[in-house]
Amino acid sequence: MAEEHIFVRGARNKAVSCFFIYTLVKLRLPIKVIFDIYFYDLLSHKNIYSGIYKTKDNSDKPKYYVLDMFPYPSGAGLHVGHPKGYIATDVVARMKMMQGYNVLHPMGWDAFGLPAENYALKNKVHPSVATEENIKTFKKQLGLLGLTYDWDREVNTTDPEYYKWTQWAFIQMFKRGLAFESYEPINWCPECKTGLANEDLENGLCERCGSVVVQKPMRQWVLKITDYAERLLNDIDKLDKWPTSIKEMQKNWIGKSEGATVKFSVISNEGEKSALEVFTTRPDTLFGATYCVIAPEHELIMNQESRIKNYDEVKNYVENAKKKTTLERTDLQKEKTGVEVKGIKAINPVNNEELPIFVADYVLGGYGTGAIMAVPAHDERDFEFAKKYNLPIKRVVAPHFVDPANPPHSDLPTTRRKTIHVIIRNPKDGKVLLLNWFTNLTPSRPHLHTLVLGGIEEGENLAVAAIREAQEETGYKNFKFLKEVDLEVHTEYYTEHKGQNRYAEIHIVELELEDEEREKIPESELKNHEPVWVEEKEVPEKLNVIDGPIIWGAYKNGYFAFTEDGVTVNSEFLNNLKTPEAKTKIIAWLEEQGVGKRKVQYKLRDWVFSRQRYWGEPIPLVNCGKCGWVSVPELELPLKLPEVKNYEPSGTGESPLANIEKWVNTICPVCGGPAKRETNTMPQWAGSCWYYLAYCMLGKEKGVRSKEKYKWDKEKINYWNPVDLYVGGAEHATRHLIYARFWHKFLFDIGVVANEEPFTRLQNVGLILAEDGRKMSKRWNNVINPNDMVDQFGADAMRLYEMFMGPFDQPCAWSTNGVVGTRRFLEKVWWLSEKVNDLEDNKTNEKTKLDTLLHQTIKKVTEDIEAMRYNTAISQLMILVNEMSKENQLFLTHYSLLLQLLAPFAPHVSEELWYELGNNESIFESVWPQCDNALAKSETFTLAIQINGKLRETIEVSADISEEEAKAQVLALPQIQKWLEDKEPKKIIYVKGKLISIVV
RNA sequence: GGUCCGAUGGUGGAACUGGUAUACACGCAGCACUUAAAAUGCUGUGCCGCAAGGCAUGUGGGUUCGAUUCCCACUCGGACCACCA
């Protein structure tokens, strides 16, 4: 009842505001007319809207479930940015309603959380009291906007009747081993005095309060979301109506990597053996491992005092690492540090090399096995560490290229040979000698430049080969060998001048020209290429072969960590295999030898599900000395949050609930013996994991009243789900949207929901920024309150503006001037009603220009709302209204169609005008207009005429003009003749319905 | 550093699978109504040029009869992730 009342008054008081009355008065209309316009339906039509926003669970109509991410009812109330998403779903809901769908569009409150609890701490009031107040404010604000929410289906996560089912799902997980107790060190926020999940961190800081988070080992409940990692990842591909950005973010967050574990044996100075297992995604580089690194938390250093020679040093390092905050540990500017663990060595299983073991905090305890094999040649972090501590770097992967300009011919055999590339420098002027290849030899590449290069002959060393090639190809006689560049490159290509496929194993040597003494270059060389001296800075540009940049880069900057795929070298039985094949082969070998196996690793961690705070769902478990952890019997649910005097968390890792002895001490539901309740509560994200199901569990049918408020009615749940359209902020990509997908998949597995994914289509709302381009915040004093906007311009103008301001999913700065614009538009629509002349209606069957525009508008608005391109839908409506304004009178049918198209955006004004036209039922009970394609089709179109790609003329032609006719008409035009200057057109391109392009 | 996205008038933005760049709105200017102002209506509004015309979609190249749209390189901005082996 209440909201119907608001609705009717909304139409009068808000959309048709005092401002409007003022206009009427100014126009000196008789007072009675003003009164009529303003109050008439309040007196007599109060009931025409009743019931249309009540959702029915049984209907012959197809269902449409449109959902908003429900808000946390904060004390600050809504600002103008919050309702953007709600307005958008409301537009869709209203259109779908008119299109004959049974629409569910509900709203609720995600009300557990720290702000309410902190408020309670400060003011000594129960969090539920403040929450209730805030909800009232929110509801009032939303009510002003004329949203279609069915408030009979309002949910609240803090309602015991609601969290009963949150607890129920937890118990199901517990029973299936998906919830387990853990003592791992976790993120601890000293300010909020609670443990946090990985998802609750922002750059190593607490997402709530911004405090520095520390690692603290403590007892906690953890949900095994990693069991679902593979399915959560794979099913992303099924979500074809989700934005790709969100899908990418989820993929990255789950972070699947495929690799292997490798067991290194560890041997102490005294000959004692143990093992060290590492995880690597590059088992193919095993021959290149030059040391191992373990995380400071690694068990190898615990209880090993006797074996580790420098135990004090190691212990000291580990202690320091523990003291570091997460922020310090992940600071990338920081240099890597570490300490060698002396007295023990790791044995590389593949070649029995003894490798030193380091402890360093660049290896994370919580990922993989907490230990790595370091391959500095092919990993940037290991490379950095190895450089710093002077550890050996052994290359085992060579970059591999296939020259795209001259790929090998598949019908020819390939000659493989060791090749030398020679960088020759003249010390006098610093120039570099390149070979310039003759164009007739390399027609596919007219300006080919290479280094001096050639094959290494049997028994030749690099220096000898380099000097020999340099002499032969350049004629200079005296060179000094400077160095070999530390890189081997493999390149495959086709030599045009020799007609062969080549596979070159390239070694790189630097020579210096000693003097200018020079012989004539042999004819055989000179017919292919000529040597040219090039300024050093021009080399990168000139050296235009596929392997040029990497070779020159290695020469200039020295060796770098080559982390890409390539070809394995220096690795015995793996030699000459490309990286993927090498991986397969080494994994097979490891498994055969029993020293390793294939392993898939995820970045996603298990979900730390305990909070040491008061305002959350109690975890429904009891601990019995005899039976261990036992779940609360389902019949006793909900396990209600007890009243407490002091909300202050102890900070010791116990929740405030621990102090309530009466509540804590209970009896074991299994053996009847004494037992203690779990005192941790659930995290804020728990309640939002299934709320979209709760809306479907609430429906109140006449005469059917269940004792339970929420009833797990599978029929109803399966009728409405999955959600057809889900709208909310992108910031939930890796939190709520992963948790909810996990929770839903679990519910699917236990057979209580029918589909595997909860949200069919997801749409992100772009943030509304303040007029100054910053985020709206009390801090900047730039918050705009929707209530003020509604008072000043009316709810419809505000709704319309938020939908018009830009693409829906993009951030956009607020502009109150923009609201003035949409307000003006609505007034134009209002005054158009004066021009409606129903007597003339339908008397003529002639198709008018307005018919065409109107039906084009129907098509565009329908498609645009469906695709959530509201800004262009509204601009089309504006075009239509501008056209209608030019007419002296309007047909009733035309004007009615306009109102129907406008209704989802501006429900108050449209409803009112609809009534003024003499309709007795709500505009939202009318049927959404259908586009008549025959009417939408234009009789003529503007043909553009281009000459040499430039627009020169446009002419209006009949829509069904033929190609020949069009060409003839165009060529006959004197303006066009002028451009052609008597020249014969080379080509005439005709694009139907668009243009003619003449090439002269 | 990685991944993704974006860059169009004074401003927010439009342009379907390559086909008339700047729709729609804001702002600005002029005119009408008014004693005046506001409101409203009409007209104009990318840049250079008297004009014919030329130049313009971050910068530089390429493909094409034709590129805001496709390809390559770069610059700037935003979002997310960030020592994940």
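The chains referred to below are lettered A, B, ... by the order of the sequence lines, with proteins before strands, and numbering in each begins at 1. All of these numbers come straight from a predicted model, not from anything done at the bench.
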Using a cutoff of under 3.5 Å, can you pull out all pairs of nitrogen or oxygen atoms linking the protein to nucleotides 49-56 of chain B, with atom names and distances?
from: G54(B); atom 1: OP1; to: Arg952(A); atom 2: NH2; distance (Å): 3.2
from: G54(B); atom 1: OP2; to: Arg952(A); atom 2: NH1; distance (Å): 3.1

Could you tell me whether [X] contacts a base, only the sugar-phosphate backbone, or nothing, with contacts defined as non-hydrogen atoms closer than 4.0 Å?
X         : value
Asp382(A) : nothing
Lys247(A) : nothing
Ile989(A) : base

| task | For A25(B), take OP1 and OP2 only and decide whether either is under 4.0 Å from a side-chain N or O of Asn882(A). | result |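 So the side chain of Asn882(A) is within the cut-off, an N or O lying under 4.0 Å from OP1 or OP2 of A25(B).
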| query | Does A85(B) have OP1 or OP2 sitting under 4.0 Å from an N or O in the side chain of Tyr362(A)? | reply |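 It does not, given that no N or O in the side chain of Tyr362(A) lies less than 4.0 Å from OP1 or OP2 of A85(B).
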| base_contact_polar (C83(B) base, Lys336(A) side chain, donor-acceptor, <3.5 Å) |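 Answer yes: a donor N or O sits under 3.5 Å from an acceptor.
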Expected rows: protein N/O vs nucleotides 26-30 of chain B N/O, under 3.5 Å:
from: C26(B); atom 1: OP1; to: Arg824(A); atom 2: NH1; distance (Å): 2.8

| task | Do nucleotides 68-76 of chain B as a string where each nucleotide becomes B, S or -: B if the base has a protein heavy atom under 4.0 Å, S if just the sugar-phosphate does, - if no protein is that close. | result | ---------
| Of Glu731(A) and Thr281(A), whose nearest nucleotide on RNA chain B comes first from the 5' end? |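 In this pair, the answer is Glu731(A).
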| Which residue lies toward the 5' end of RNA chain B, Glu380(A) or Ser997(A), if each is placed at its nearest nucleotide? |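 The residue closer to the strand's 5' end, by nearest nucleotide, is Glu380(A).
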Extract from the structure each pairing of a protein N or O with an N or O of nucleotides 2-12 of chain B at less than 3.5 Å, listing the distance.
from: G12(B); atom 1: O2'; to: Met805(A); atom 2: O; distance (Å): 2.6

| task | In whole angstrom, give me the gap between the C1' atoms of G77(B) and U22(B). | result |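 The answer is 22 Å between these two C1' atoms.
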| With sequence neighbours excluded, residues passing ring-ring contact (aromatic ring centres under 6.0 Å, His included) with Phe358(A) |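 Partners of Phe358(A) under the ring-ring contact (aromatic ring centres under 6.0 Å, His included) test: Tyr291(A), Phe385(A).
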| query | Mind checking what makes side-chain contact (heavy atoms from CB on, under 4.5 Å) contact with Ala582(A), not counting sequence neighbours? | reply |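 Checked Ala582(A) against side-chain contact (heavy atoms from CB on, under 4.5 Å); matches are Asp284(A), Thr568(A), Leu577(A).
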